[in-house]
Number of protein chains: 2
Amino acid sequence: MTKDIEHRLKNKDINPTAMRLLVLDFLTKQVAAISLNDLEKGMGPSDRITLYRTLKTFEEKGLVHSIEDGTGATKYALCEDNCDGDHHHDLHVHFYCNTCKETFCLPNTKIPEISLPKRFQTEEMNLIIKGICDQCHSG
Amino acid sequence: MTKDIEHRLKNKDINPTAMRLLVLDFLTKQVAAISLNDLEKGMGPSDRITLYRTLKTFEEKGLVHSIEDGTGATKYALCEDNCDGDHHHDLHVHFYCNTCKETFCLPNTKIPEISLPKRFQTEEMNLIIKGICDQCHSG
DNA sequence: GCTAACATTGCAATAGCATTGCATCGTCAT
DNA sequence: ATGACGATGCAATGCTATTGCAATGTTAGC
């Protein structure tokens, strides 16, 4: 239902415009994290910059989080947690498959506590694991 | 001693040219990981592309490793481990300071074992922690 | 219904990093 | 010497991210 999507936007204090409804709808259908390019290709003919800003807005409001998987292109995925703009503690692991080149959130695999050297203070953590995903795993 | 630097190159099967000696010497003097830009600025007047390729060569041969800290610019730092080109298992944590914007290797802080979901297979891991480094920590 | 204020969108343009092609030059072995 | 090969330097390009600005839509007040 469109109503559901609309509600999710409003809950995050995002003005539910047509474009945003479409983007959010598209994002919910994704299995893997997608780049701006993927989004542009996946959606109908839309303006790249608008999509870019839509993602930025979503990120600021805590609806999606961005992932730097080392491919050079930032990927985006919906937040599972109750993030808000300030607290993006997506402390789950991200997995990049070297075979299918997709980036997945592993929401149930959390980043463990790391004890840093004296006087280093953690604010964010970002763990990318690269390898072979379950789908590409042969045998 | 230049001899020492030269030996380190030869040990890694890298032809010790003047440029490479300079770059490696410069790298050893760094406290933090540096970007191509930093390298270019820090060295005398040198060609950016040559520096780029020098770093690539060093990376291939296992002398340095590259770090994606999310700033958009790839950073490089000397490997501490006995890496070779194939096995870049720099399983230590990298720390990005939000205050001084520097990226540090924490060679003694290793990435712990992570148990992934079934049929996911790890090949590399990359953990970036962002926060405040020991130098910038006030108090 | 009209209008002013504001948010959103779309186009153009730009910045910055990464990367390749090609020509030149140096080095080393025969 | 010369030929092969690696290294260097310049030019050019691709790609992602990002901003400026104008046009457009949307909302609230009258």
Side-chain angles (χ1 to χ4, degrees), chain A residues 2 5-6 9-10 12-27 33-61 63-77 85 96 101 103 128, chain B residues 5-6 8-10 12-27 33-61 63-77 85 96 101 103 128:
Chain A
T2 312
I5 304 275
E6 196 174 331
L9 286 174
K10 284 184 179 167
K12 294 289 186 179
D13 201 30
I14 302 172
N15 218 333
T17 67
M19 175 100 284
R20 289 172 179 168
L21 291 172
L22 285 174
V23 171
L24 179 52
D25 183 56
F26 187 79
L27 285 175
I34 66 171
S35 65
L36 178 57
N37 249 329
D38 298 335
L39 180 63
E40 193 184 8
K41 285 172 191 157
M43 306 265 306
S46 331
D47 180 56
R48 182 186 185 79
I49 284 85
T50 301
L51 294 175
Y52 168 74
R53 276 189 276 223
T54 301
L55 288 175
K56 280 289 179 200
T57 303
F58 284 4
E59 189 183 9
E60 276 168 22
K61 300 294 188 177
L63 189 58
V64 306
H65 58 279
S66 60
I67 308 157
E68 279 286 347
D69 59 10
T71 60
T74 307
K75 304 272 177 69
Y76 298 85
Y96 176 79
K101 316 295 186 197
T103 302
I128 300 277
Chain B
I5 303 276
E6 195 174 332
R8 291 177 62 188
L9 286 174
K10 283 183 179 167
K12 294 291 185 176
D13 201 31
I14 303 172
N15 218 334
T17 66
M19 176 100 283
R20 288 171 180 171
L21 291 172
L22 284 174
V23 172
L24 179 51
D25 182 56
F26 186 79
L27 286 176
I34 65 171
S35 66
L36 178 57
N37 250 328
D38 298 335
L39 181 61
E40 193 184 8
K41 285 173 190 157
M43 306 262 310
S46 331
D47 181 56
R48 182 186 183 80
I49 285 84
T50 302
L51 294 175
Y52 168 74
R53 276 189 276 223
T54 302
L55 288 175
K56 280 287 180 203
T57 304
F58 284 5
E59 189 182 10
E60 275 168 23
K61 299 294 187 176
L63 188 58
V64 306
H65 59 278
S66 60
I67 308 157
E68 279 285 347
D69 58 9
T71 60
T74 307
K75 304 273 177 72
Y76 298 85
Y96 176 79
K101 316 295 186 196
T103 300
I128 301 277

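Values reported hereafter were calculated over all heavy atoms of this structure, with side chains retained and with hydrogens, waters and symmetry mates removed. Note on naming: letters A, B, ... go to the chains in the order of the sequence lines (proteins, then strands), and numbering restarts at 1 for each one.
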When you measure from the side-chain N and O atoms of B:Lys56 to the phosphate of C:dT19, is any distance below 4.0 Å, counting only OP1 and OP2? yes
Which of these passes side-chain contact (heavy atoms from CB on, under 4.5 Å) with B:Arg20: B:Thr57, B:Thr50, B:Leu63? B:Thr57
If you go through the side-chain atoms of A:Arg20, does one of them form a donor-acceptor pair with the base of D:dG25 closer than 3.5 Å? no
Return the nearest nucleotide to the side chain of A:Ile49; candidates are C:dC17, C:dA12, D:dG9. C:dA12
Position toward the 5' end of DNA chain C (nearest nucleotide), B:Ala73 or A:Met19: A:Met19
Would you say the side chain of A:Arg53 and the base of C:dG10 hold a donor-acceptor pair, judged only by whether the two atoms sit under 3.5 Å apart? yes
Is B:Arg48 close to B:Tyr52 at the side-chain level, that is, under 4.5 Å between some pair of heavy atoms? no
Using only side-chain N and O atoms of A:Asn37, determine if any of them is under 4.0 Å from OP1 or OP2 of D:dC15. no
Rounded to the nearest Å, what distance is computed from the NZ atom of residue B:Lys61 to the P atom of nucleotide D:dA7? 8 Å
Distance-only polar pair, side chains of B:Ser35 and B:Asn37, donor-acceptor under 3.5 Å: no
Whole-Å distance separating the CD atom of B:Glu40 from the P atom of C:dG16: 13 Å
Just how far, in rounded Å, is P of D:dA23 from CG of A:Asp47? 16 Å
From C-beta outward on A:Thr50, which listed nucleotide comes closest to its side chain: C:dC17, D:dT8, C:dG10? C:dG10
Rounded distance (Å) that lies between atom C1' of D:dA17 and atom CG of A:Leu55: 12 Å
Let me know the distance between CG of B:Leu9 and C1' of D:dG6, rounded to the nearest Å. 15 Å
Less than 4.0 angstrom between a side-chain N/O of A:Tyr52 and OP1 or OP2 of D:dT16, yes or no? no
Please determine whether a side-chain nitrogen or oxygen atom of B:Ser46 lies at a distance below 4.0 Å from atom OP1 or OP2 of D:dG9. no
Whole Å only: how far is the NZ atom of B:Lys75 from the P atom of C:dA18? 11 Å
Taking atom C1' of D:dC15 as reference, at what distance in whole Å does atom CG of A:Leu36 sit? 11 Å
So, does A:Ser35 get its side chain near the phosphate of D:dT16, meaning an N or O under 4.0 Å from OP1 or OP2? no
Closest approach of A:Ser66 and A:Tyr76, non-hydrogen atoms and distance? CB-CE2, 3.7 Å
Given D:dC10, C:dT9, D:dA7, which nucleotide is nearest the side-chain atoms of B:Asn15? D:dA7
Strictly below 4.0 Å: does B:Thr17 bring a side-chain N or O up to OP1 or OP2 of D:dT8? yes
Where B:Ile67 and B:Ala77 come nearest, the two heavy atoms and their spacing: CD1-CB, 4.1 Å
For atom NZ of B:Lys41 and atom C1' of C:dC17, their distance in whole Å: 12 Å
